[in-house]
Amino acid sequence: MDTIQITLPDGSTRQAPRGTTPAEIARQISPRLAKEALVARVRVGAGGGVAGPTGMVSDSGELVELSRPLEQDTRLEILTDKNPESLEVYRHSAAHLLAAAVLELFPGVQFGIGPPIDYGFFYEFKREQPFTPADLESIEKKMRELAEKNIPNERKLLPKPEALKLYEQLGQPFKCELIEEKANEPMVSFYTTGKFIDFCRGPHIPSTGRIRAFKLMSVAGAYWKGAEGNAQLQRIYGACFYTQQDLDAYLHRLEEAKRRDHRRLGPELDLFSIQEEAGPGMIFWHPKGGLVRKLMEDWLRDELLKRGYDLVFTPHIMRLHLWETSGHTNFYKENMFGPVEVEKDKYQLKPMNCPGHILIYKSRLRSYRELPVRLAELGTVYRYERSGVLHGLLRVRGFTQDDAHIFCMPDQIEAEIEACIDFAWATLKTFGFDKYEVDLSDWDERVPDNYAGQPEDWRRATAALKNTLTRMGVPFRHMPGEAAFYGPKIDVKLIDAIGRPWQLTTVQFDFNLPGRFGLEYVGEDGARHQPLMVHRALWGSIERFFGVLIEHYAGAFPLWLAPVQVSVLPVSDKVADYAKQVTAKLKEAGIRVHLDDRNEKLQAKIRDAQMQKIPYMAVVGGKEAEAASVSVRHRSRGDSGPRPLETFVQDLLAEAAAKQV
RNA sequence: GCUGGCGUAGCUCAGUGGUAGAGCAUCUGAUUUGUAAUCAGAGGGUCGUGGGUUCAAAUCCCUCCGCCAGCUCCA
């Protein structure tokens with residue numbers, strides 16, 4: 001009898017006939033495991049890196065469905081819902097369940113792709129009529145019906161020509177296209193769920209009955225293969241988890257995100273507005289938002305000066321010619337507002353600050369002794385963003401970058417990049433973030449025409465960024481195709497209070513502009529050399545960072561950033577005089593204070609202060625007036641009883657000075 | 001920009017062809033209040049815009065503008 005050796009994760013081995021399936025092994029191990037098993041991981045060969053059962057080379061093993069016959073000695077791991085890796089498989093199967101349900105209800109539909117995503121799955125369909133919310137309901141109902149029937153997900157292999165013929169007969173042009181592109185072996189794998197048959201690499205969970213906790217979320221347009229100009233398909237999104245609790249937790253997170261939405265909180269807390277009359281993507285900073293911005297900027301300017309930057313200001317509109325020199329008219333045209341004609345000359349509203357800073361650098365001859373030159377500007381730029389991408393403060397058409405350009409010599413470059421990253425860490429810490437992700441965004445060498453500069457420039461620059469990150473011990477992901485047109489960059493994404501990533505900090509290498517503008521410095525050798533240039537922004541833009549802060553803090557800014565720090569609440573107008581004295585005293589100490597002397601009950605005043613997320617309330621009545629004290633209430637810690645006024649002032653000043661978050 | 005949805009008072013929303021509504025907010029008056037909403041009255045809308053259908057349009061049709069969810073793009 002032909003047998004193979006199966007090695008289990010605990011190191012034990014067992015002999016089994018060739019062609020045994022993981023499902024059978026699971027049954028042998030325990031009935032419970034057999035019941036809970038979703039998918040299997042196989043590793044073939046002791047050292048790994050050997051062709052696996054489907055010919056795929058892999059050393060981390062390959063996930064296969066439980067019914068796949070094992071053909072050679074292998075290490076085998078049976079995965080259940082305890083293994084996070086199997087969640088993708090489970091969601092992918094849920095996508096197939098969706099497609100199967102749609103096929104039942106709308107037989108003529110054409111299929112696109114249906115992968116798992118980070119909270120569930122989607123599947124794409126082409127159909128003349130749009131799917132309505134009512135359609136989604138009936139599709140979801142049908143999915144539950146099909147799940148109830150516990151239909152097996154079965155794998156089939158077909159020769160490629162037959163596969164193509166099958167899909168031609170079924171009227172599935174998108175699937176044919178996928179097979180043409182992706183199937184580079186003679187046999188093509190399919191998975192069936194009842195009547196639904198899908199060209200798919202798999203694997204899948206054994207049957208539809210295991211899929212329980214899901215909910216169809218939305219339908220949205222999506223281009224076939226994500227390319228504009230391709231056919232537009234309808235994409236149905238679903239959330240999907242192992243348990244109803246996980247699904248509920250996810251839906252709860254969505255509610256939480258809604259509660260924090262800066263587009264809602266901004267107007268509610270009177271921080272900013274966007275007005276249709278003025279145009280989309282244009283931000284109005286109201287007094288309270290303006291005050292927060294002032295506090296943010298104060299911190300930033302102080303840090304910039306401490307860290308050896310010089311502050312500059314440059315015009316908002318400059319000759320178009322400058323943008324031709326910089327290359328923006330070639331590479332950035334579709335993002336610029338159209339030029340304005342003045343005295344037969346064309347002027348361009350600036351989409352970036354770099355050329356302005358370059359002109360300052362070029363205004364006189366530079367010596368190697370003064371490098372690095374670090375020019376910083378809170379520079380307001382205007383970019384034409386397509387209407388569909390605008391989003392509150394996070395994606396706008398007019399914004400102020402906390403921009404800086406560093407001109408330096410090659411042997412200074414890594415230290416400068418390191419200093420930028422260190423500055424970014426200071427920002428994260430000051431504003432209360434403790435998690436982040438880092439991407440190294442490189443060019444896509446397959447389309448060099450989309451970029452300025454030579455291949456060797458790109459390789460050298462990317463190496464410098466990579467070295468610095470490695471030396472600093474910062475983990476990062478390499479992202480080809482994500483670079484700016486003028487150079488590779490390091491992007492820092494910070495993770496907010498509810499786990500969402502936001503891309504803010506960017507440190508960009510630029511070997512394009514120094515050459516185009518003929519930048520020089522006189523070296524130690526008396527000869528002229530070209531400086532390197534780094535373009536960096538910590539917050540990205542003040543607008544975007546402010547939006548992120550609003551959501552991170554859910555509108556409840558820490559004391560040092562709160563536009564109103566204390567609301568003084570007189571119990572009745574009998575103590576109006578004392579309330580005014582308290583207010584004046586706080587104001588004198590530099591505390592941002594508001595006196596709520598409305599003819600309202602204390603409870604109503606407290607409620608309004610709470611809703612405005614004011615950090616402290618100072619309740620004053622007869623007792624407090626008697627004792628020169630205030631009764632202190634904090635927006636989240638509640639009533640902490642009476643405190644001498646003088647102590648309260650000192651406590652506030654200390655907390656604000658410490659920038660406690 | 002593309003696909004779909006939406007647009008009624010400052011805000012949240014009801015109103016499916018027949019005289020524009022509610023709660024909150026605002027204003028006025030009363031009340032003098034002790035840790036998350038005191039009571040009463042008043043004012044406020046050419047129903048996003050422009051056109052069309054109809055005796056009659058918030059309601060049906062078309063145009064444009066804006067917003068929302070995605071796609072694509074991005075600080």
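Rounded to the nearest Å, the gap between the P atom of U19(B) and that of A57(B) is 12 Å. A distance of about 33 Å separates the C1' atoms of A69(B) and U53(B), rounded to the whole Å. Straight-line distance between the C1' atoms of U59(B) and U8(B): roughly 11 Å, to the nearest whole Å. On the C1' atoms, G66(B) is 15 Å away from G50(B), given to the nearest whole Å.
Summarising the base pairing, C6(B) is matched to G66(B) through a Watson-Crick or G-U wobble pair whose two defining distances lie under 3.5 Å. The partner of U49(B) is absent, by the rule that a Watson-Crick or G-U pair needs both atom distances under 3.5 Å. Across all strands shown, U28(B) pairs with A40(B); the Watson-Crick or G-U wobble distances both stay below 3.5 Å. If you check U72(B) for Watson-Crick or wobble pairing at under 3.5 angstrom, you find it has no partner at all. Judged by Watson-Crick or G-U wobble contacts below 3.5 Å, the nucleotide G18(B) has C55(B) as its partner.
Nearest to the side chain of Ala220(A), among A75(B), U32(B), A69(B), sits A69(B). For Glu624(A), taking side-chain heavy atoms from C-beta onward, the closest of the listed nucleotides G66(B), U32(B), G34(B) is G34(B). Among U35(B), C71(B), A75(B), the nucleotide with an atom closest to any side-chain atom of Ala222(A) is C71(B). Set against U35(B), A37(B), A75(B), the side chain of Phe399(A) has A75(B) as its closest nucleotide. For Lys489(A), the listed nucleotide lying nearest its side chain is A75(B); candidates were G1(B), A36(B), A75(B). Nearest nucleotide to the Arg607(A) side chain, out of U35(B), A36(B), C73(B): A36(B). When distances are taken from the side chain of Arg386(A) to each of U38(B), U35(B), G1(B), the shortest belongs to G1(B).
When heavy atoms are screened at a 4.0 angstrom cut-off, Lys126(A) is found touching no nucleic acid atom at all. Within the 4.0 angstrom heavy-atom criterion, base atoms lie near Arg383(A). If you check every strand for non-hydrogen atoms under 4.0 Å, Gly221(A) touches a base. At a threshold of 4.0 angstrom between heavy atoms, the contacts of Gln603(A) are confined to the sugar-phosphate backbone, with no base atom among them. Among the protein residues, Glu600(A) comes within range of the nucleic acid bases, having at least one heavy atom under 4.0 Å from a base atom. At a threshold of 4.0 angstrom between heavy atoms, the contacts of Lys574(A) are confined to the sugar-phosphate backbone, with no base atom among them. Backbone-only contact: Leu504(A) has heavy atoms under 4.0 Å from sugar-phosphate atoms and none from a base. Within the nucleic acid shown, Val571(A) comes within 4.0 Å of at least one base atom, counting heavy atoms only.
Classification of the Trp285(A)-Phe546(A) ring pair by plane angle, with boundaries at 30° and 60°, yields parallel. Using a 30° and 60° split on the angle between ring planes, Tyr451(A) and Trp458(A) fall in the perpendicular class, above 60°. Taking the six-membered ring for Trp and thresholds of 30 and 60 degrees, Phe433(A) and Phe545(A) have ring planes inclined between 30 and 60 degrees apart.
Taking the six-membered ring wherever Trp is involved, the centroid distance between the rings of Tyr332(A) and Trp323(A) does not fall below 6.0 Å. Taking the six-membered ring wherever Trp is involved, the centroid distance between the rings of Tyr486(A) and Trp443(A) does not fall below 6.0 Å.
If you take CZ of Arg643(A) and P of G34(B), they are 22 Å apart, rounded to a whole angstrom. If you take CG of Leu265(A) and P of C11(B), they are 16 Å apart, rounded to a whole angstrom. When the C1' atom of A37(B) is taken as reference, atom CD of Gln612(A) falls 15 Å away, rounded to whole Å. Distance NZ (Lys623(A)) to C1' (U33(B)): 13 Å, rounded to an integer number of Å. Put simply, NE2 on His391(A) is 18 Å from P on C73(B), counting in whole angstrom units. Separating the CD atom of Glu276(A) from the P atom of U49(B) is a distance of 10 Å, rounded to the nearest angstrom. One can place NE2 of His405(A) at 12 Å from C1' of A75(B), the figure rounded to the nearest angstrom. Between the P atom of G5(B) and the CG atom of Leu136(A) lies a distance of 12 Å, rounded to the nearest Å.
For the OP1/OP2 pair of C67(B) and a distance below 4.0 Å, the side-chain nitrogens and oxygens of Arg263(A) include no atom meeting the criterion. Between G1(B) and Ser387(A), a contact under 4.0 Å exists linking OP1 or OP2 to a side-chain N or O.
One donor-acceptor pair, N or O on each side, does fall under 3.5 Å between the base of G1(B) and the side chain of Tyr223(A). Applying the 3.5 Å distance criterion, the base of A75(B) shares a donor-acceptor pair with the side chain of Glu385(A). Within 3.5 Å, no donor on the side chain of Arg235(A) pairs with an acceptor on the base of U3(B), nor the reverse.
Using a 5.5 Å limit on the distance between ring centres and a 30° limit on the angle between planes, the aromatic ring of Tyr237(A) does not count as stacked on the six-membered base ring of G70(B).
No donor-acceptor contact under 3.5 angstrom links the side chains of Lys623(A) and Ser629(A), judged on distance only.
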